[in-house]
Engineer: 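If you scroll down you'll find the structure; I have some questions about it.
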Amino acid sequence: MLPGLMQTTPLLISGILTYAAQAHGGREIVSKLIDEPIWRYDYAGLARRSAQLAQALKRLGVQSGDRVTSLAWNTHRHLELFYAVPGIGAVLHTANPRLFDDQIIYTINHAESGVLLFDRNFADLIERIAPHLTTVKTFVMLADDARTIPGSVGAISYETLIAEEAESLTWPSFDENAGAFLCYTSGTTGDPKGVLYSHRAVVLHAMAGGLNSAFGFTAFDVVMPCSSLYHATAWGLPFTAPLCGTKLVLPGDKMDGASLHALIQDEGVTFTGGVPTIWTMYLAWLEQTGQRPDTLKRVVIGGSAVPRAMAEAFKRLYGVSVLQIWGMTETCPLGVVATPTPALAALGEEAMDEAIWTRQGRLQFGIELKVEADDGTDAPRDGETSGALKVRGPWVVKRYFRQDQDAAQDDGWFDTGDIATLDDYGFMRITDRQKDVIKSGGEWISSIDLENFAVGCPGVKIAAVIGVPHPKWEERPLLIIEAHEGWELTKAAVLDYLAPHIVKWWTPDDVVFAPVPLTATGKIDKKVLRAAWKGHLLG
Ligand code: ADP
């Protein structure tokens with residue numbers, strides 16, 4: 001090999017901040033807070049306050065490699081942690097407040113964090129969990145001095161902590177493979193597992209997110225991440241937005257229709273994103289109030305399959321394009337994004353919409369995908385043959401935090417636990433989770449497809465399909481529906497609606513009406529549903 005003669009500048013997260021402050025310094029950041037007025041500043045301000053925070057953390061004794069935990073919503077202070085903590089070579093563990101107390105305690109102890117910074121409305125949670133935290137020495141409330149409640153843990157005020165520090169800092173340089181973020185999976189199966197994102201992974205992922213084959217931002221975009229900063233770094237938007245110089249709107253903890261709509265209208269939001277449940281609520285709110293999102297152009301949706309009816313409603317009623325994405329905590333999280341291509345456009349608008357709305361997304365440079373058949377061979381990329389979806393690339397997990405064995409194979413392929421197809425347009429379609437697929441008489445029924453059709457039935461808010469043991473067929477589908485308020489749906493009406501969409505043997509053996517539980521990351525909690533309905537008699 002003849003070594004290249006170019007510079008080997010490490011890809012560090014602090015580089016994104018320094019760039020954004022220089023190139024887009026005056027571009028605004030707007031942050032909705034808990035019981036405080038809206039906060040406004042810009043990327044230059046973010047750089048100043050992140051420098052202050054970095055020095056304050058060092059004063060508290062945080063060193064390179066140490067873990068710091070946040071329990072916080074989408075606010076500018078949380079964003080400052082996103083830059084200051086990795087900026088000094090420490091690791092930010094973004095705890096998920098929607099987990100059970102036991103799991104939150106588990107993740108913080110497993111991370112061995114020394115400092116915990118939390119939003120005001122987690123004060124009660126902190127009181128409950130603090131006695132069980134084995135490594136946290138310092139608690140910081142993300143508030144000014146007047147609003148800080150020290151509680152039994154003696155929390156100090158964030159604003160007081162950073163106030164006296166200098167507003168500039170020469171960020172240290174170190175190996176780009178150093179850990180930066182520690183994100184835990186939601187633990188729907190077993191204990192949550194920690195995925196330790198490196199600087200290199202985060203920076204490459206942020207750059208890929210800005211490409212036209214992904215989010216394709218320009219400096220004129222106004223981006224509002226409604227995916228949580230604590231869940232896989234809100235799909236990297238806190239990094240891709242400053243790289244592209246977009247205005248950034250942080251919605252705090254309020255994701256109801258009225259709150260989101262007010263921000264969209266007041267701040268001119270052009271691009272937003274989050275899990276499907278948020279958009280179910282938002283679309284219902286728009287319908288009820290007759291309001292329209294005037295500036296909104298695109299909504300990126302992922303985390304669970306996007307119901308076709310949702311993508312259609314956004315486009316037909318409001319002229320908003322839906323971009324579906326698929327990814328997981330283990331992939332930083334972006335895997336694929338459903339963006340149009342000339343080959344699809346040539347099929348005509350309707351066919352292109354259909355193709356895009358029914359697939360999770362298209363291959364992105366940086367993430368290789370393959371579908372493996374049961375016998376271990378690669379399945380053909382024909383859009384039909386399904387199998388185990390495997391991924392590899394520079395922002396895919398190699399090994400979980402504090403485990404002895406690699407999670408990925410020696411050649412890098414990581415089994416996602418999803419079942420999917422690939423087609424020759426380069427699109428991937430998830431048909432199910434391996435553990436959720438329904439095995440009926442030796443054939444598979446896709447719970448995701450059934451849910452997707454069922455949610456198009458007027459009055460259905462959430463549709464969940466699980467396999468229930470059946471004396472003859474091994475398993476058969478049970479459809480559980482949570483209806484929109486004020487709707488009286490019947491089994492016959494739902495099955496009539498489904499009939500033209502599915503083959504006959506996919507017809508659910510029963511339809512029941514009940515609230516559908518969601519996980520800490522907003523997915524249908526099938527583990528809980530399976531336990532609750534396992535004795536439901538079919539056949
Ligand atoms: P959790 O911690 O809840 O597992 P992740 O975000 O890591 O959270 O979950 C990843 C899983 O979510 C994927 O493996 C896949 O099953 C599901 N998922 C994500 N995006 C989509 C999508 N667009 N369509 C269908 N399933 C999706």
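FYI, side chains are in, hydrogens and waters are out, and symmetry mates aren't considered; it's all heavy atoms of this structure. Every number for a ligand or one of its atoms is a count from 1 in the order of the listing.
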Engineer: If you take the nearest heavy atom of each of G303, G522, A420, which one is closest to atom 17 (C) of ligand 1?
Structural biologist: G303
Engineer: Without swapping roles, check the side chain of T107 against the backbone of I104 for a donor-acceptor pair under 3.5 Å.
Structural biologist: yes
Engineer: Considering only heavy atoms, does D418 approach ligand 1 within less than 4.0 Å through its side chain, its backbone, both, or neither?
Structural biologist: side chain
Engineer: Got a salt bridge between D423 and R359, using NZ or NE/NH1/NH2 to carboxylate O under 4.0 Å?
Structural biologist: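 Yes, charged N to carboxylate O under 4.0 Å.
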Engineer: Between K527 and D436, does any NZ, NE, NH1 or NH2 come within less than 4.0 Å of an OD or OE carboxylate oxygen?
Structural biologist: no
Engineer: For K526, is there an ion pair with E451 - N to carboxylate O distance below 4.0 angstrom?
Structural biologist: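 Result for this pair is yes, salt bridge flagged.
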Engineer: Heavy atom of G327 under 4.0 Å from ligand 1?
Structural biologist: yes
Engineer: Please work out whether any backbone atom (N, CA, C, O) or any side-chain heavy atom from C-beta onward of I325 is under 4.0 Å from ligand 1, and answer side chain, backbone, both or neither.
Structural biologist: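 It is the backbone that gets close, since no side chain atom is under 4.0 Å.
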Engineer: Under a 4.0 angstrom heavy-atom cut-off, which atoms of ligand 1 come close to Q324?
Structural biologist: 22 (C), 23 (N), 24 (N)
Engineer: Quick one: look at M328 and ligand 1, take heavy-atom pairs under 4.0 Å, and tell me if it's side chain, backbone, both or neither.
Structural biologist: both
Engineer: Could you establish whether S304 and ligand 1 come within less than 4.0 Å of each other, counting only heavy atoms on the residue side?
Structural biologist: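 Under 4.0 Å: yes for S304.
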Engineer: Any N or O on T329 sitting closer than 3.5 Å to an N or O of ligand 1?
Structural biologist: yes
Engineer: Using distance alone, decide if ligand 1 has a nitrogen or oxygen within less than 3.5 Å of any nitrogen or oxygen in T519.
Structural biologist: no
Engineer: Pair T416, E330 - check side chain to side chain donor-acceptor pair (under 3.5 Å), show working.
Structural biologist: CA-CA 8 Å; T416 62; E330 286 86 341; over 6 Å; no
Engineer: Report the part of A520 (side chain from C-beta onward, or backbone N, CA, C, O) that has a heavy atom under 4.0 Å from ligand 1; answer both or neither where that applies.
Structural biologist: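 For A520, there is no contact with ligand 1 at all, from either part.
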Engineer: Scan side-chain atoms only and decide if D525 and T519 contain a donor-acceptor pair under the 3.5 Å cut-off.
Structural biologist: no
Engineer: Using a 4.0 Å cut-off to any heavy atom of T185, which atoms of ligand 1 qualify?
Structural biologist: 2 (O)
Engineer: Using distance alone, with no hydrogens and no angle criterion, decide if N121 and W73 have a side-chain donor and acceptor under 3.5 Å apart.
Structural biologist: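 Per modelled atom types, N121 and W73 side chains form a pair under 3.5 Å.
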Engineer: Has ligand 1 got any nitrogen or oxygen that is less than 3.5 angstrom from a nitrogen or oxygen of Y184?
Structural biologist: no
Engineer: Considering non-hydrogen atoms only, spot the tightest contact between T94 and S70 and give its length.
Structural biologist: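 Heavy atoms only, the tightest pair is CA-OG, 3.5 Å.
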